[in-house]
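Notes follow the structure.
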Amino acid sequence: QDIKVAMDQVFHTLDPQDSNYNVDFSSMEGVFERLISFDEDMGLVPQLATEWEANEDATQFTLTLREGVVFHDGTPFNAEAVKANLERLADQSQNLAKNSMFNMVDSVEAPDETTVVINLKEPFGAMINTLAHPAVVMHSPASLEEGDVSDNPVGTGPFRFDEWVPGEQLRVVANEDYWDSEWPKVDSVTFYPVPENATRVSMLLSDEVQFVYVLPAELAENVESNDNYEVLSREGLTVWTAAMNMNKEHFQDPKVREAFNLVVDQEAFLQVVYSGHGSVPDSPIAPNTQFHEAQEPALSTDVERARELMEEAGYGDGFEVEIWARNNSTEVRMLQFLKQQLSQINVDATVLPLEGATRSERLFGSNVNPETIEYDLAIGGWSPSTGDADWHLRPVYATEGFIPAMYNMAFYSNEVVDGAVAEALATADPEARAAAYAKAQEQIWADQPAIFLAVDEKMAGRKKGVTGVIKMPDGTMQYSHAAVEE
Amino acid sequence: MTPTATPDTATPGTATSETRRTRGPVGEFWRRLRQRRVALAAMLILLAIYLFAFAAPYVLPYGPNDFDYLNTLQGPSATHWAGTDEFGRDIFARLMNGAKLSMFIGFTSVGIGAAFGIVAGLLAGFYGGWIDSITMRMSDVLFAFPGVLLAIGIVAILGPGLSNVIIAVAIFSLPAFARIVRSGTLALKESTYVEAARAAGASDMVIMGRHILPGTLSAVIVYFTMRIGTSILTATSLSFLGLGVEPSIAEWGAMLSTGRDYMLAGEWHLTVFPGLAIFITVLCFNLLGDGLRDALDPKLEQT
Amino acid sequence: MFQYFVRRLLALVPVIFIISVFVFLFVHALPGDPARVLAGENATQADVEAMRRALNLDRSLPVQYVEFVRNLVTLDLGTSLRTGEPVWDMMMRAFPATFWLSVASLAWSVVFGLIAGVISARRRDSFADHSAMVLAVSGISIPPFWLGLLLMQVFSVQLGWFGTSGFDDWSDLVLPSITLGAGVAAVMARFTRSAMVDVIREDYVRTARAKGLRERVVVWKHTLRNALIPVVTMAGLQFGFLLGGSIVIERVFRWPGLGSMLIEAINYRDFVVVQAELMLFSLEFLLINLAVDLLYGIINPAIRYR
Amino acid sequence: MSAAEETGGAPLLTVRDLYVGFGRNAEKTPAVRGLNLTVRSGETVAIVGESGSGKSVSALSMVRLVEFGGGRITGGEILLRRRNGQEVDLCQLDEDAARELRGDEIAMIFQEPMTSLNPVFTVGDQLVEAIVTHRDKSRAAARATALEMLQKVRIPNAERMLKRHPHQLSGGMRQRVMIAMALACRPQLLIADEPTTALDVTIQAQILGLVRDLQDDEGMSVLFITHDMGVVAEIADRVIVMYHGEKVEEGPVAEIFAAPKHPYTKALLAAVPKLGAMAGTDTPRPFDMVRAAPDAEGGDSTPTDPAAEPQTTPAAPTPVDYAAEPILSVRGLTTAFDIRGGLLNRVNSRVHAVEGIDLDIWAGETLGLVGESGCGKSTTGRSILRLVDSHADQLHFAGNDLTDMAPSQLQRLRRDVQFIFQDPYASLDPRLTVGYSICEPMLIHGLETRRSASDKAAWLLEQVGLSPEHADRYPHAFSGGQRQRIAIARALSTDPKLVIADEAVSALDVSIQAQVVNLMMELQQRFGLAYLFISHDMAVVERVSHRVAVMYLGQIVEAGTRRAVFENPQHPYTRRLMAAAPVPDPESRNRTRVRMTGEVPSPVRAIGDPPVRTPLKPAGEGHFIADPEGFVIADPVAGQSPAG
Ligand SMILES: Nc1ncnc2c1ncn2[C@@H]1O[C@H](COP(=O)(O)OP(=O)(O)OP(=O)(O)O)[C@@H](O)[C@H]1O
Ligand SMILES: Nc1ncnc2c1ncn2[C@@H]1O[C@H](COP(=O)(O)OP(=O)(O)OP(=O)(O)O)[C@@H](O)[C@H]1O
Ligand SMILES: [Mg+2]
Ligand SMILES: [Mg+2]
């Protein structure tokens with residue numbers, strides 16, 4: 001049996017360790033395995049590592065490996081192989097996309113065949129989740145030697161790489177020697193990059209593919225209304241916000257920030273932008289993120305109160321703002337929506353949809369100066385692929401996260417938050433970490449450095465009868481356990 | 001032979017000639033154009049759309065930006081003639097308000113391109129030599145660049161916005177006009193009547209403007225009127241790429257491109273109505289163009 | 001004729017040079033830094049700097065330009081910044097799809113445009129003339145993506161006659177080429193009409209009638225052949241339009257051609273690919289128009305080559 | 001119609017009460033009004049008449065082509081007896097049936113020979129096409145017929161000619177191809193509309209002979225339209241005279257020439273210039289003015305009898321002051337056109353169109369310039385006006401040195417030198433009304449306001465025999481001769497000092513020609529105008545010139561006072577030109593005219609091989625000739641096209 005999948009982007013590389021893109025992680029999910037993986041709800045599950053533990057101050061992590069696993073090229077999987085992969089990730093001179101995730105690794109030891117010890121330079125409580133990141137795959141050491149991993153991937157997964165025609169298709173076929181004899185259950189999986197939404201859905205509806213990965217919300221109903229197909233929908237990890245540039249005088253006043261949150265109707269936002277597929281945020285991080293804690297009070301809409309607050313802050317006549325976003329149709333819709341909503345408190349918005357590369361240049365370019373950057377509001381969505389609160393709160397809300405370094409576009413800086421984030425990293429104890437992150441979330445929620453907009457749903461379309469091809473809350477997909485019911 | 005000599009040999013014809021006056025080429029052109037009903041009707045429709053666009057805010061019950069989240073994506077009905085969009089805005093109101101802008105974009109951008117292109121083509125064809133080489137090589141360069149890309153580049157460099165969209169479309173309309181006019185000019189400048197004008201002492205300006213240009217205009221007009229459609233659509237592509245006018249502005253191209261997301265979801269009215277608006281406008285421009293073209297050709301008058 | 005051809009080919013050299021400068025400047029004037037884009041949004045400053053060094057983007061512009069020209073001359077074209085794949089291989093892989101799409105679109109639209117144009121010139125102001133006009137105007141005022149999606153819904157999803165997308169089969173050419181050619185057909189029809197109206201009153205057409213030739217022969221042979229010059233010029237120029245238009249169409253129909261490759265490359269600021277591809281487009285365009293010029297002489301032998 | 005019975009056999013074509021009109025008011029103001037005529041088999045009927053009198057329009061109606069030019073047959077019938085004996089009314093036929101007759105039973109040669117061949121097909125293809133349309137023949141057989149036809153019209157190297165395209169042929173050759181095409185299906189009736197107007201005397205003679213020969217062979221009827229009475233005298237059996245859209249007289253050729261009845265015919269014949277008529281005089285003399293008054297009512301036109309109402313003959317010409325400086329003085333005028341080729345597009349040969357010419361023209365004087373087609377007459381004119389790149393050792397006009405004058409100055413000076421182009425239709429902008437075209441020079445030079453220019457244009461139109469109402473029409477709505485008059489009117493509009501008249505009266509019927517020539521002379525006397533009068537019509541040149549220059553292959557071979565040159569031609573080439581001129585007298589038609597064959601030798605020469613200049617030597621008082629030693633009578637140069 002063959003399964004065909006339409007993806008929303010082209011593939012960039014076949015080496016997940018060197019990629020920042022969900023499509024690359026997703027397509028290689030069946031070829032490579034990680035030490036630790038996520039289940040459907042972002043819970044940690046063993047994969048190539050069967051057990052793991054950390055020392056008290058989160059500077060040393062020890063993993064026990066699965067036995068009897070071989071790579072597609074016959075190389076045995078063992079501690080040396082893991083060491084080779086982790087050292088590659090930690091070696092900053094490799095210029096891999098994911099090197100910076102591992103810059104705190106000091107050394108990796110392989111005391112025996114099935115044990116790996118990771119020593120860190122400094123405490124890093126989020127290490128286990130980092131190891132579960134979909135980029136942290138295990139390459140065959142032999143293929144790493146060869147150096148052609150970016151277009152000839154060799155892993156341990158239930159599928160082996162068959163062929164890649166960039167821009168056209170990518171095919172993987174069943175690995176008969178997979179360590180879990182129950183899998184794989186299909187003969188091959190073929191991926192097509194189809195950036196055009198409508199085309200992707202048309203391919204599903206005309207049975208050219210059995211799965212569409214990233215189903216735009218507007219078209220969900222289209223798929224649902226047909227008996228032969230189903231919509232998979234999971235609440236995602238992405239929280240959409242419009243960061244308020246706190247280097248601008250008017251956003252230094254908490255009343256103004258509160259007014260902005262009050263005037264925006266999040267329910268309407270979901271309706272307009274996501275055709276109702278999503279939820280209103282109840283915390284700076286998404287419910288599926290580890291250590292999420294719902295905050296009080298819930299977001300509400302009260303235009304009258306917002307006007308009063310603006311009045312009190314001395315901005316009764318409003319002011320002019322510039323809003324930046326990407327130029328895709330979803331974010332352009334967000335822009336228009338915000339513009340309309342803000343007009344209710346006399347705020348006159350100029351909206352600026354930026355083309356991808358231009359945007360990253362203007363937000364993350366080396367000459368970006370937080371003091372002079374022009375935008376008042378910047379729309380963005382952040383999802384922590386590690387599934388851990390750290391990789392959301394630290395880049396987006398900590399002082400060290402100021403753009404262009406990371407993703408703090410509000411230039412929000414708060415000692416409590418910075419302290420809590422650091423505290424949580426210094427331990428591997430889940431309870432201690434949870435407490436620290438709760439503190440941080442509470443503070444951010446109170447300060448409202450951004451207009452909280454939505455947690456969108458990750459949706460995919462699937463032909464009925466296909467199982468095991470699933471969409472993850474972090475936006476990636478998994479297909480190792482694909483099967484077709486008769 | 002001086003005017004004073006006229007009375008000597010004057011015949012009764014001179015008496016009647018007091019009352020007549022030879023119409024210039026422009027006057028003749030208007031006279032012939034007036035005979036073309038269809039073209040005039042097309043012109044009136046265009047004018048009506050354009051003027052209505054100014055009246056729209058005072059006449060229509062909805063403004064182009066009045067949002068209504070309770071009534072998003074409604075199909076055409078008695079209250080919303082062309083339905084509503086994803087923000088619950090009245091599409092008819094947006095269309096009418098957008099007419100001004102879309103027609104302006106279509107007409108101005110092509111107009112600018114045509115104006116420069118015509119001048120460049122005339123000069124290149126007439127003088128030849130290095131002027132010709134440079135103009136044509138430049139146009140080769142511009143031509144060889146796919147138009148949409150050029151527009152993307154220009155807008156990416158100059159930034160999005162109305163005037164830059166116009167510039168972008170103008171620049172990539174330019175070489176086509178230059179080519180069309182140049183090839184016509186090359187043929188006409190060898191014609192005997194151009195030589196006759198020169199022999200009569202006409203300056204180069206007069207020769208180019210009065211004797212060569214009108215001869216090249218028929219192709220120019222056909223291209224011009226077609227191009228208006230293309231240019232509104234280019235604005236569409238630019239909007240789609242997020243490089244067009246500000247997204248909330250009611251502009252036909254932008255409306256089309258944002259409506260596209262809802263096409264497959266069955267919300268056809270989001271794209272059909274702006275499409276129809278563009279179609280009618282372009283059709284009128286073409287009908288008018290045909291009329292202009294025929295009015296330029298005296299041989300067609302009697303049939 | 002041959003000498004003329006060689007001369008024209010030689011004359012292309014400076015043009016190509018200008019184009020190369022233009023392309024280079026165009027690409028480098030685009031805002032956005034490839035190192036930044038390729039490193040990804042989550043990358044740190046250091047990552048970006050490393051990326052920049054790895055891609056040789058830290059060198060001065062003139063040096064990069066010289067490199068670009070050297071690549072062009074040796075047809076090596078360099079490797080993609082993004083994938084590291086040789087650009088030549090990438091282009092050769094994508095070229096056939098784009099080529100066939102352009103050819104198919106141009107072919108049907110020229111034939112259709114000519115027929116429609118001749119008929120409406122022949123019967124000016126008739127029903128046929130007006131219908132052709134309405135069709136032509138539709139052709140240019142319907143956005144290609146709209147037409148493409150419409151055709152796809154009707155003929156692929158509903159009727160199942162054609163595959164929705166991709167290029168696995170010659171039948172896959174049908175829908176995209178119809179979509180892409182619609183605008184060209186419209187322009188051709190209008191131009192043919194205009195040129196025919198100009199020619200149909202010439203003396204030699206009267207001679208043809210005086211010979212007692214059938215009206216069909218008078219129109220399709222004697223008139224059309226003479227009207228063809230401006231029409232062929234337009235067809236050549238439309239080729240540029242096809243190349244540009246294919247960017248949108250290729251996306252809608254998931255066409256594995258140069259257009260989608262180019263858009264990808266621009267999105268990622270993969271300068272090496274963008275440059276090479278723009279050069280290829282330009283060259284293709286220039287050659288097509290050279291061919292058109294040569295065609296002139298075949299259509300109308302009175303045109304002298306200078 | 002009594003006279004008609006005298007010649008030929010059974011009636012082949014009978015036109016009864018034909019009315020043809022144009023545009024919206026086709027009924028109200030017809031161009032042809034109630035025309036009746038009969039052509040019998042084997043007969044040659046000539047239609048002569050005033051320019052614009054409806055000759056071409058009638059002819060086009062007979063092949064049902066007038067509709068395609070915007071005309072309409074509004075009444076009458078055109079009966080044709082077909083080969084199978086059946087009689088059909090052409091006016092009633094539908095287009096398809098009419099088409100079958102065209103080219104098969106009736107063939108036509110048009111007035112404009114240069115533009116009548118399709119530029120994109122070979123001569124052979126166009127001939128073969130005509131044959132296979134009507135004859136059930138294979139292409140190969142048709143090709144053989146085509147070849148035979150080309151040989152019949154005496155095109156040298158016919159085999160090779162079949163593969164040529166029209167632009168590679170000279171005007172004379174194209175005209176012969178047109179004739180071959182018309183005759184390819186051996187039609188019963190050939191309608192030839194001014195087939196020789198555009199051609200010089202030598203080729204003209206050749207073509208007339210050809211038509212006659214073919215008629216003898218094939219026994220077809222010919223309807224011959226011309227304004228050249230010499231041609232009529234030479235070829236016609238019967239003559240029909242048209243005036244203002246109507247037939248005013250008809251009769252056998254000898255009768256018409258000997259005893260014209262209608263006043264217009266009389267006027268016409270009186271105005272025919274005859275070579276040698278000026279013998280014994282030194283100065284030009286205007287024609288005896290026999291202007292047929294334009295009928296104001298539009299009803300039956302009764303031109304005034306020239307005898308009854310003799311026009312005032314203009315006063316004797318004032319003598320030219322030869323002691324003064326000449327108004328135009330040219331020395332060593334040389335014009336060569338480059339022909340490029342080769343890989344680098346270098347100049348590899350040149351057309352030596354004008355080769356070191358010396359000319360002087362004094363105020364109030366007319367210099368006639370004669371020579372056969374392609375010898376460089378027009379180019380001389382254009383070079384003097386600096387419309388083409390040329391070299392001159394000296395080029396003085398009215399005290400100005402033109403050789404290196406700035407373009408803007410030159411523009412101003414052009415007010416004083418006007419040019420009447422050889423091809424009047426082409427020289428009028430088709431998109432401007434003729435009124436505007438006439439006004440334009442005045443407006444350019446700021447001589448008149450828009451209104452006063454219009455008045456003057458109206459006046460000028462009347463002077464050349466048109467009416468002021470014509471000012472609002474476009475060039476395409478005029479007959480050939482009318483266009484020529486418009487061009488003349490335009491040239492006179494700026495009160496120039498010198499007019500270069502290139503075949504300015506060649507398309508005019510003789511009565512209008514006389515009128516126009518007289519006008520030109522009158523202006524010359526009143527304002528001291530000088531003319532460079534370029535023509536191939538020896539008789540007219542004799543009439544108008546003070547002095548004459550004969551040109552051959554870019555050089556002047558004989559020059560002198562008119563009297564000296566015409567009464568005592570010295571150069572063999574001059575003698576030959578004079579011998580070729582047709583004589584407007586049916587009595588002398590059987591005299592063997594010198595028929596020149598072949599083409600003019602080519603002025604195209606490779607680079608570095610310039611032609612030898614033969615300087616002029618005195619041959620009497622005010623008379624110069626080039627050394628006749630160097631002169632070779634042209635041999636047929638096979639297939640040599642004039643411009644490489
Ligand atoms: N297309 C037209 N529209 C209006 N009037 C026309 C048109 N063609 C010809 N005429 C008019 O018809 C009349 C007859 O023209 P025709 O060409 O038959 O003259 P002709 O006798 O052949 O003269 P010529 O000897 O100068 O050729 C002229 O007065 C002319 O102005
Ligand atoms: N623009 C040109 N380019 C090349 N050759 C030319 C050009 N104009 C004229 N000629 C050639 O120059 C020669 C003289 O031409 P010109 O027109 O002066 O002859 P003409 O004496 O006026 O003949 P005709 O009586 O036929 O008008 C011819 O051989 C002609 O082919
Ligand atoms: Mg005539
Ligand atoms: Mg001449």
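Note on naming: letters A, B, ... go to the chains in the order of the sequence lines (proteins, then strands), and numbering restarts at 1 for each one.
- C:Asp76 pairs by the salt bridge (Lys or Arg N to Asp or Glu O under 4.0 Å) definition with nothing, not counting sequence neighbours.
- The neighbour count for C:Trp220 CH2, taken as heavy atoms of other residues, nucleotides or ligands under 6.0 Å away, is above 12.
- A donor-acceptor pair under 3.5 Å is absent between the side-chain atoms of D:Ser116 and the main chain of C:Asp203, judged by distance alone.
- Counted within 6.0 Å of CZ on D:Phe478, heavy atoms from surrounding residues, nucleotides or ligands total more than 12; the atom is thus considered enclosed.
- Listed for the D:His134 side chain is a donor-acceptor partner under 3.5 Å among the backbone atoms of C:Lys211.
- Listed by chain and residue number, D:Arg99 satisfy the salt bridge (Lys or Arg N to Asp or Glu O under 4.0 Å) test with D:Asp96 (two or more places apart in sequence, or in another chain).
- Ranked by heavy-atom pairs shorter than 4.5 Å toward chain C, the options D:Glu100, D:Met108, D:Gln126 are led by D:Gln126.
- Note: D:Leu117 CG to C:Thr207 OG1 = 6.5 Å, rounded to the nearest 0.5 Å.
- Counting heavy atoms of neighbouring residues, nucleotides and ligands inside a 6.0 Å radius, atom CZ of D:Arg82 exceeds 12 of them.
- Shown here is D:Asn84, whose CG atom has more than 12 heavy atoms of other residues, nucleotides or ligands within 6.0 Å.
- Both tests do not hold together for C:Arg206 against D:Phe68: distance to the six-membered ring centre under 6.0 Å, angle to the ring axis within 45°.
- Contact of C:Val217 with chain D is made through the side chain alone, with heavy-atom distances under 4.5 Å.
- Inspection of non-hydrogen atoms places D:Leu60, D:Leu65 of residues 58-66 of chain D under 4.5 Å from chain C.
- For the atom pair CZ of D:Phe121 and CZ of C:Arg225, the computed distance is 5.0 Å after rounding to the nearest 0.5 Å.
- Heavy-atom contacts from other residues, nucleotides or ligands closer than 6.0 Å to CG of D:Asp389 number 12 or fewer.
- For C:Phe22, the ring pair (Phe, Tyr, Trp, His ring centres under 6.0 Å) test picks out B:Phe145, with sequence neighbours left out.
- Contact annotation for D:Ala130: both backbone and side-chain heavy atoms come within less than 4.5 Å of a heavy atom of chain C.
- The number of heavy atoms from other shown groups lying within 6.0 Å of CZ (D:Arg135) is above 12.
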